[in-house]
Amino acid sequence: MIRLIRGFRDILPEHTGLWALVEGVARELLENFGFSEIRLPVLEHTELFARGIGADTDIVEKEMYTFTDRNGDLLTLRPEATAGVVRSYVEHGFCASAPVQKLYTMGPMFRRERPQRGRYRQFYQINAEVLGVQSPLADAQLLVLVHEFFSRLGVTDAAVHVNSLGCPNCRNPYKEELKSYLAAKSGRLCQNCLRRKETNPLRVLDCKSEQCAEAVAGAPSMTDWLCDACRDHFAAVLSAAESQGVALVLDPRLVRGLDYYTRTTFEVRTSALGAQNAVAGGGRYDGLVQLLGGPPRPGIGFAVGVDRLVEILAAQKGYPQKCPDVYFACLGDAAKKAGFSLAAGLARAGVAAEMDFDGAGLKGQMKRAGKSGARFVVILGEDELAGQKAQVRNLKTKEQTEQPMEGLVESLARRVKEEKDNG
RNA sequence: GUGAGUGUAGCUCAGCUGGUGGUAGCACCGGGUUGUGGCCCCGGAGGUCACGGGUUCAAGUCCCGUCACUCACCCCA
């Protein structure tokens, strides 16, 4: 038997309904907030990610699916979407012709990490990016959008954590301050943090080890080191988002792994997922467009981890069940043909209709009809064909009536609609 | 990449200190009802006990290796 590649998975029909629901809510909301869809390739030149994400991040160092194409090009399956969106923005000249772009995209990303709960090697993200806007209202709009998205889906324990990482002007002095603080505490840091305090001191702030958390409790906070411009920006983001009822958790320990983040950074967390508690994350990346060969243009965006979100929703509410409105149980070849044509007519009329193709007995077909969750069964056999009347049975109420086959599509469509209106 | 735990029917799992694979539950198929579902009753089908080696008279059970899954670390959505 040929099996799945490790870390990859099939999303089976019983689950795709929830995926479609999540994507549908996202799409509608994003469109209403003025975003336009952009569809991008899954494969890009490796250099895009090496430059965009940062050559010495873990993603680029050891987690990318990278291979050499037949002509020698070094290609990579995208580990995240932002770099590709920005590449497209620059490549198509939007920087000059239409610098303000609000874009969204959804699809698979790839990272070669060790799989565990909520983490797969092919995973799905919904991404939204605002390019060319400096205003804190852009940051706030994304927070409002994210908040609305989760509440519309009914995720109960999602909390939006937010922080500002400042700009290079204020972050670099802060980093130095933090480094010297950490140096003084180095005796109490865990192995990882001893290494990290040099390479990526901000990361020490959100180390999960208890001793590090204690050691870092009195550490200087980035928000105290923000320059005037960054401080004003952050304050404006918070007040605009809060004016729309978005509950924010100010979290000076919130740090993001990717090099390109500046200023506003945020993450949606939930307790429902074990160690993988982030279900969405994002932030401002004012240097990225330029880093990828464009003129200086600000940007901000976020990504929702769809795999994780679906898992949370499934745990809270289960997967929605899909059932046909009408199920045809037909006995004999002539009745099969009649049922085939009626089922097709109903499907064309917008009614979910299913028929039993096989020649099982009536009992078997009724059983399958019941199992399918259909509201109505239409029974067609020799007697019905002879009289040109079908038996229509409501599986919930057990009412069964005879209906003329003439006009059956219309009458069934009407009854289905009534049933649905009555709940 | 590191650590720990699991691997028996399509799914969930029994299987004791080694001694013939479970009338186990769910799901599936058929029958009880020549043409009426869910409940009930009866029957059926389904397995290289993850794979490979070793110990033994004898291995699902013990040992080693491989692979996969799970959880966690690392990192991240």
Side-chain angles (χ1 to χ4, degrees), chain A residues 1 3-9 12 14 53-54 56-64 78-82 106-127 146 158 190-193 195-196 199-200 203 206-209 255-258 261 266-270 273-283 301-312 327 329-332 335 356 358 360-385 391-400:
Chain A
M1 185 173 52
R3 303 191 23 161
L4 277 164
I5 302 168
R6 174 169 218 199
F8 287 67
R9 61 177 180 153
L12 299 174
E14 55 193 315
I53 298 172
D56 41 48
T57 57
D58 273 26
I59 294 180
V60 171
E61 273 180 359
K62 47 192 191 193
E63 294 172 1
M64 294 204 305
R78 62 179 182 189
E80 54 100 45
T82 304
M106 35 187 94
M109 311 292 155
F110 304 83
R111 272 181 220 177
R112 203 179 180 296
E113 299 173 280
R114 184 97 170 232
Q116 75 187 66
R117 178 172 203 192
R119 183 164 79 185
Y120 305 94
R121 289 181 174 186
Q122 175 172 335
F123 58 102
Y124 296 81
Q125 287 189 338
I126 297 168
N127 267 84
V146 163
C190 71
Q191 286 286 320
N192 282 318
C193 287
R195 173 176 51 82
R196 281 195 289 220
T199 57
N200 196 349
R203 271 268 155 228
D206 71 346
C207 179
K208 284 164 193 151
S209 118
V255 161
R256 318 238 68 224
L258 277 36
Y261 284 111
F266 60 95
E267 196 165 286
V268 179
R269 291 184 191 164
T270 161
L273 278 176
Q276 309 301 319
N277 63 356
V279 69
F302 71 84
V304 175
V306 182
D307 305 75
R308 292 178 185 180
L309 178 51
V310 165
E311 195 184 327
I312 293 165
Y327 194 99
C330 307
L331 296 161
D356 221 301
D358 296 317
L362 184 58
K363 185 187 167 88
Q365 297 191 52
M366 289 299 291
K367 222 173 181 170
R368 289 199 280 258
K371 232 192 104 217
S372 77
R375 280 193 160 76
F376 294 101
V377 181
V378 174
I379 298 162
L380 287 174
E382 285 175 25
D383 298 350
E384 286 74 19
L385 285 188
Q391 301 290 333
V392 178
R393 184 178 177 85
N394 182 325
L395 284 181
K396 220 182 262 173
T397 64
K398 299 184 180 184
E399 278 176 296
Q400 184 165 324

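On a predicted model such as this, the values are computed, not experimentally measured, just so you know. Throughout, protein chains are lettered first and strands after them, A, B, ... in sequence-line order, and every chain is numbered starting at 1.
Nucleic acid contact class of A:Q400 (heavy atoms, under 4.0 Å, all strands): base. The residue A:R111 sits close to a base: some heavy atom pair falls under 4.0 Å. Residue A:G7 is classed as a sugar-phosphate contact, given heavy-atom separations below 4.0 Å to backbone atoms only. Using a 4.0 Å heavy-atom cutoff across all strands shown, A:D383 reaches at least one base atom of the nucleic acid. Counting any heavy atom pair closer than 4.0 Å across all strands shown, A:E384 reaches a base atom. Note on A:R308: a base of the nucleic acid sits closer than 4.0 angstrom, heavy atoms only. Among the atoms of the strands shown, only primed sugar atoms or phosphate atoms (P, OP1, OP2) are found under 4.0 Å from some heavy atom of A:K371. A:V279 comes within 4.0 angstrom of the backbone, heavy atoms only, and of no base. If you check every strand for non-hydrogen atoms under 4.0 Å, A:A369 touches nothing. Within the nucleic acid shown, A:G361 has no heavy atom closer than 4.0 Å to any nucleic acid atom. Residue contacts shown for A:K363 include a base, since a base heavy atom lies under 4.0 Å away.
A:E384 is linked by a salt bridge (Lys or Arg N to Asp or Glu O under 4.0 Å) to nothing, counting only residues two or more places apart in sequence or in another chain.
Of the P atoms belonging to B:A77 and B:U2, the separation is 24 Å, rounded to the nearest Å. The separation of B:C13 from B:U56, taken at their C1' atoms, amounts to 29 Å, rounded to a whole angstrom. Look at the C1' atom in both B:C62 and B:G19: the space between them is 14 Å, to the nearest Å. Taking atom C1' in both B:A24 and B:A9, one finds a spacing of 12 Å when rounded to whole Å. To the nearest whole angstrom, the two P atoms, one in B:U36 and one in B:G30, are 15 Å apart. For the P atoms, the distance from B:U6 to B:G53 is 24 Å, rounded to whole Å. Rounded to whole Å, the P atom of B:U66 lies 43 Å from the corresponding atom of B:C29. Going from the C1' atom of B:A59 to that of B:C16 covers 16 Å, rounded to whole Å.
Annotation: side chain of A:Q122 is not in contact with side chain of A:I5 (no heavy-atom distance under 4.5 Å). A:M106 places none of its side-chain heavy atoms less than 4.5 Å from the side chain of A:V306. Two residues are said to be in side-chain contact when any heavy atoms from C-beta on lie closer than 4.5 Å; A:R6 and A:R114 meet this criterion. Contact check for A:D356 versus A:Y327: side-chain heavy atoms found under the 4.5 Å cut-off. Between A:Q391 and A:D383 there is no side-chain heavy-atom pair separated by less than 4.5 Å.
Within the 3.5 Å criterion, the main-chain N or O of A:M109 finds no donor-acceptor partner in the side chain of A:E80. The backbone N or O of A:V377 sits nowhere less than 3.5 Å from a side-chain atom of A:R393 that would complete a donor-acceptor pair.
Regarding contacts with the backbone of B:C69, a side-chain N or O of A:R6 is found under 4.0 angstrom from either OP1 or OP2. Between A:Q125 and the phosphate of B:A77, there is no side-chain N or O to OP1/OP2 separation shorter than 4.0 Å.
A:R121 has its CZ atom 14 Å from the C1' atom of B:C74, to the nearest Å. Protein atom CG of A:L395 is 6 Å distant from nucleotide atom C1' of B:G37, rounded to whole Å. One atom, CZ of A:R117, and another, C1' of B:C75, lie 18 Å apart when rounded to the nearest Å. At whole-Å resolution of the value, CG in A:L362 and C1' in B:U36 are 5 Å apart. The CD atom of A:E113 sits 9 Å away from the P atom of B:A77 (whole-angstrom rounding). One interatomic measurement links the two molecules: CG of A:D356 to P of B:C28, which rounds to 13 Å at whole-angstrom precision. As a whole-Å value, the separation of A:R112 CZ from B:C76 C1' is 16 Å. The interatomic distance linking A:F123 (CZ) with B:C76 (P) rounds to 12 Å, in whole Å.
The base of B:C29 lies outside donor-acceptor range of the side chain of A:R368, with no N or O pair under 3.5 Å. A:R119 contributes a side-chain N or O that forms a donor-acceptor pair with the base of B:C75 under 3.5 Å. Between the side chain of A:E63 and the base of B:G1, no donor-acceptor pair of N or O atoms lies under 3.5 Å. Between the side chain of A:Q365 and the base of B:U36, no donor-acceptor pair under 3.5 Å is found.
Between A:D307 and the options A:R121, A:R119, A:R9, a salt bridge (charged side-chain N to carboxylate O under 4.0 Å, His left out) holds for only A:R9.
When all heavy atoms are compared, the tightest approach of A:A158 to A:V268 is CB-CG1, 3.8 Å.
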Taking Watson-Crick and G-U wobble contacts under 3.5 angstrom, with | marking pairs to another strand and [ ] crossing pairs, the secondary structure of RNA chain B is written (((((((..((((.....[..).))).(((((.......))))).....(((((..]....))))))))))))....
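Closest to the side chain of A:R393, out of B:G35, B:A72, B:G37, is B:G37.
Sequence order on RNA chain B of the closest nucleotides to A:A280 and A:P115 puts A:P115 first from the 5' end.
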